[in-house]
Participant: 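Okay, handing you the structure first.
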2 protein chains.
Amino acid sequence: MKKTYLMTPGPTPVPPDVSLAMAAPIIHHRSTEYSEIFEEVRKDLKYLFQTENDVLIFTSSGTGAMEGAVTNMLSRGDKAIIIRGGKFGERWGEICESYGVNIIPIDVPWGKAVKPEEVASCLEADREIKAVFMQASETSTGVMYPTREIADIVKKYENTLMIVDAITGLGVFNLPADTWNLDVVVAGSQKALMLPPGLSFASISEKAWKFAETSNLPKYYFDFKKERESQKKNQNAYTPAVSLIIGLYSVLKTIKKEGLKNLFNRHINLAEATRAAICDMGLELFSVDSPTPSLTAVKIPSDVDGARVVKILREKYGIRVAGGQGDLKGKIIRIAHMGFIDEFDIISTIFALGKTLSEVGFKLDTNKGISKFMEVYND
Amino acid sequence: MKKTYLMTPGPTPVPPDVSLAMAAPIIHHRSTEYSEIFEEVRKDLKYLFQTENDVLIFTSSGTGAMEGAVTNMLSRGDKAIIIRGGKFGERWGEICESYGVNIIPIDVPWGKAVKPEEVASCLEADREIKAVFMQASETSTGVMYPTREIADIVKKYENTLMIVDAITGLGVFNLPADTWNLDVVVAGSQKALMLPPGLSFASISEKAWKFAETSNLPKYYFDFKKERESQKKNQNAYTPAVSLIIGLYSVLKTIKKEGLKNLFNRHINLAEATRAAICDMGLELFSVDSPTPSLTAVKIPSDVDGARVVKILREKYGIRVAGGQGDLKGKIIRIAHMGFIDEFDIISTIFALGKTLSEVGFKLDTNKGISKFMEVYND
């Protein structure tokens, strides 16, 4: 007998009732039944994104909506700031370069957060910058960026958009699109939304729609204007992933019932308790200054092989965590605490991590970590 | 009590065991477990596409892979023939135009098939044409195009690709990518593959990969080269729709077990019996010359409101068929017989169609149609 625990920062576990809802017979996407569900989904997404504007839905992974944010907002030869402090920051840069957008990278050491003043001076130095692309939460490093502070700077520039990849941010911590002036917010289904991967989202501000009017980059499948016209009629421009939309309907109702405040508090509480436990058991956090509430990146002691830790956790204890990416391969593990993950999942993970590290010869005090977790976590 | 029958040409019904397989706890897309499944899926897709080349998988609707076929094969200013005899032919043209490809349309009356000699003379007249874009089966009109004959013409041109939207063709009738020299074949999950929408596919010939080497159109999410590199390692470049891949694994095993020959015969048999029944009950086919085995487009008698027929079928009998699109709105209904649809589903649909038309005052002989169906259909 082996139970498995999916503790990776995406995909995250899907609640069983949602899995069953998605297993219902498929309905036609041009039916009234579908449109009624889709109308509710659109309404509830506005609640989740905290916006009065449309939130567009695409059948793709989050990267698809990221590409749309570039191709619908910018034009050939435009300049854009890319905040690069991890794999997903790099992705913004790659997408822009694929479409002939000139990138001005602000490189941030992996594990650190970007300083808002760096963005400010960059924008001040070049008034032709059309957009700032960043992550709310850099999944590859477990760092949260100061989205609000940067948005406060960007909003002063009439000709510059604030474009946020919130794939592991949305539904985890507060990111109100309208009050913070986030012009485009991109998200995906397989993180705090507790769904299988396959849907991506983009909220678009009024300011951003003006950019869309003049954008001359080519696009078709991720055409925001075309999709907005369809979705206004509670339809999709192209055949949507119907079963995932049914699941989305279900999770959004759950989220609305819990309420955003409770949702954010739960995640922040779980994250704080996890970090406290990790430190008290004798391990180090990869990001000390600005950890994200979505996941915790834990440093693997230098004399231990991180890949082996991930393997033992999985094979012996049925616990799947993510390792490091790029230069961080073998050096960190990443434990998610977003979506359908509760305190007992985290406790189990901490226990297993302690046992695993003991087995590979690293001394630590797991019980102390667990005690700390229970002390910090208040439900 | 009301049973429902999904008889639309996409989405089509999902077999219950496949729905349940997709409801299993989600697995991580970078795990060995996933890679093992994905390796099988890749192998079985080659069987289905009848190719030795890679078949790429994308998380998107079929339109996404269509876009990729344009952006990965062509360059700005290239010329391409578009066979336009329905909504999906128009889509090829729209995608090309979005990316600055010059289109040479061959307009075909809706309901008719393109004549291969038209393509031949077009190619002969302009040696700079880089691709012919067509449908194997035009879903909007229920017409099958002469794919093999056109491919035989295109293959003579070293600098021209044969690009086929087989979204309602693949797995329905014979379309061997390699032996027929189909350079790019695009498909989707929600037709003969019996899955929910959300996955698209593209097989790419060696000749086509050479075009990909020089293509200068921008792309990122639908980047064939990048995706090929990942998929060779049994990984996806971006987070895939994991649950749909699990479903795909399951349906491909079923298809392999049935065998392509049986699969095609079943569809052709069902289509022939359906058409015979429609005619014998006193109705007319929309496409007489070249109907596709995927679906049957039935003319609605001119004094009957087609939208009302669709509505009665749905509301009174629980049978969902598709109406006409564009100019055909209200004038035809489309009944699918691909994927997880059997002879009893069709018999039920014919009965309900007969009852519905009688109710709106059109005289016809349903029993004669049913008898004919049973005579023609041999299982």
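Below, chain A is the first sequence line, B the second, and so on; all start at residue 1.
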Participant: With rounding to the nearest 0.5 angstrom, report the OG1 to CG distance, B:Thr63 to A:Asn236.
Facilitator: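 B:Thr63 OG1 to A:Asn236 CG: 11.5 Å, rounded to 0.5 Å.
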Participant: With chain B, which of A:Ser19, A:Ser31, A:Ser60, A:Ala241 has the greatest number of heavy-atom pairs at distances under 4.5 Å?
Facilitator: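 So the answer, after comparing A:Ser19, A:Ser31, A:Ser60, A:Ala241, is A:Ser60.
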Participant: What distance separates B:Thr32 OG1 from A:Lys311 NZ, expressed to the nearest 0.5 Å?
Facilitator: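 B:Thr32 OG1 to A:Lys311 NZ: 8.5 Å, rounded to 0.5 Å.
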Participant: Counting only non-hydrogen atoms closer than 4.5 Å, does B:Pro25 touch chain A with its backbone (N, CA, C, O), its side chain (CB onward), both, or neither?
Facilitator: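 Neither; nothing under 4.5 Å.
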Participant: Would you indicate whether the side-chain heavy atoms of A:Glu94 and B:Lys226 approach each other to under 4.5 Å?
Facilitator: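 In contact.
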Participant: With rounding to the nearest 0.5 angstrom, report the OG1 to NZ distance, A:Thr71 to B:Lys219.
Facilitator: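 It comes to 14.5 Å.
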Participant: Heavy-atom distances under 4.5 Å only: say whether B:Thr12 touches chain A with side chain, backbone, both or neither.
Facilitator: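 Contact with chain A is through the backbone of B:Thr12 alone.
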Participant: Is it the case that over 12 heavy atoms from other parts of the model lie below 6.0 angstrom from the NZ atom of B:Lys3?
Facilitator: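 Incorrect, the count does not exceed 12.
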Participant: Checking heavy atoms, do the side chain of B:Pro16, its backbone, both or neither come under 4.5 Å from chain A?
Facilitator: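 Neither part, no heavy atoms under 4.5 Å.
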Participant: Are B:Pro196 and A:Ile26 close enough that some pair of their side-chain heavy atoms sits under 4.5 Å apart?
Facilitator: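 Yes, at least one pair of side-chain atoms sits under 4.5 Å.
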Participant: Do you know the tightest heavy-atom contact between A:Tyr220 and B:Ser98?
Facilitator: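 Scanning both residues completely, I find the closest heavy atoms to be CD1-OG, 3.5 Å.
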Participant: Relative to chain A, which of B:Ala24, B:Ala322, B:Pro11, B:Ser189 shows the most heavy atom pairs under 4.5 Å?
Facilitator: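 Highest number of pairs under 4.5 Å: B:Pro11.
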Participant: Roughly how far apart are B:Met22 CE and A:Leu244 CG, rounded to 0.5 Å?
Facilitator: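 Those atoms lie 9.0 Å apart.
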Participant: If you look at every heavy atom in B:Ser61 and A:Tyr238, which pair is closest and at what distance?
Facilitator: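 So the minimum-distance heavy-atom pair works out to OG-CB, 3.4 Å.
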Participant: Counting only heavy atoms closer than 4.5 Å, note whether A:Ile95 contacts chain B via side chain, backbone, both or neither.
Facilitator: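 Both parts, heavy atoms under 4.5 Å.
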Participant: Between B:Ile27 and chain A, with a heavy-atom cut-off of 4.5 Å, which part of the residue counts as in contact: side chain, backbone, both or neither?
Facilitator: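 Backbone only.
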Participant: For chain A, which candidate among B:Gly100, B:Ala21, B:Pro13, B:Ala23 shows the most heavy-atom pairs at distances under 4.5 Å?
Facilitator: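 Looking at each option in turn, the highest pair count goes to B:Ala23.
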Participant: Is any side-chain heavy atom of A:Pro218 closer than 4.5 Å to a side-chain heavy atom of B:Pro218?
Facilitator: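 With C-beta onward as the side chain, the pair touches.
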Participant: Got A:Tyr221 and B:Tyr221 here, is their nearest side-chain heavy-atom distance under 4.5 Å?
Facilitator: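 Not in contact.
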Participant: Could you report the tightest heavy-atom contact between A:Ala237 and B:Arg91, atom names first, then the distance?
Facilitator: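 Smallest interatomic distance, heavy atoms only, reads O-NH2, 4.3 Å.
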Participant: Does some side-chain heavy atom of A:His29 sit less than 4.5 Å from a side-chain heavy atom of B:Pro197?
Facilitator: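 Result no, sub-4.5 Å side-chain heavy-atom pair not found.
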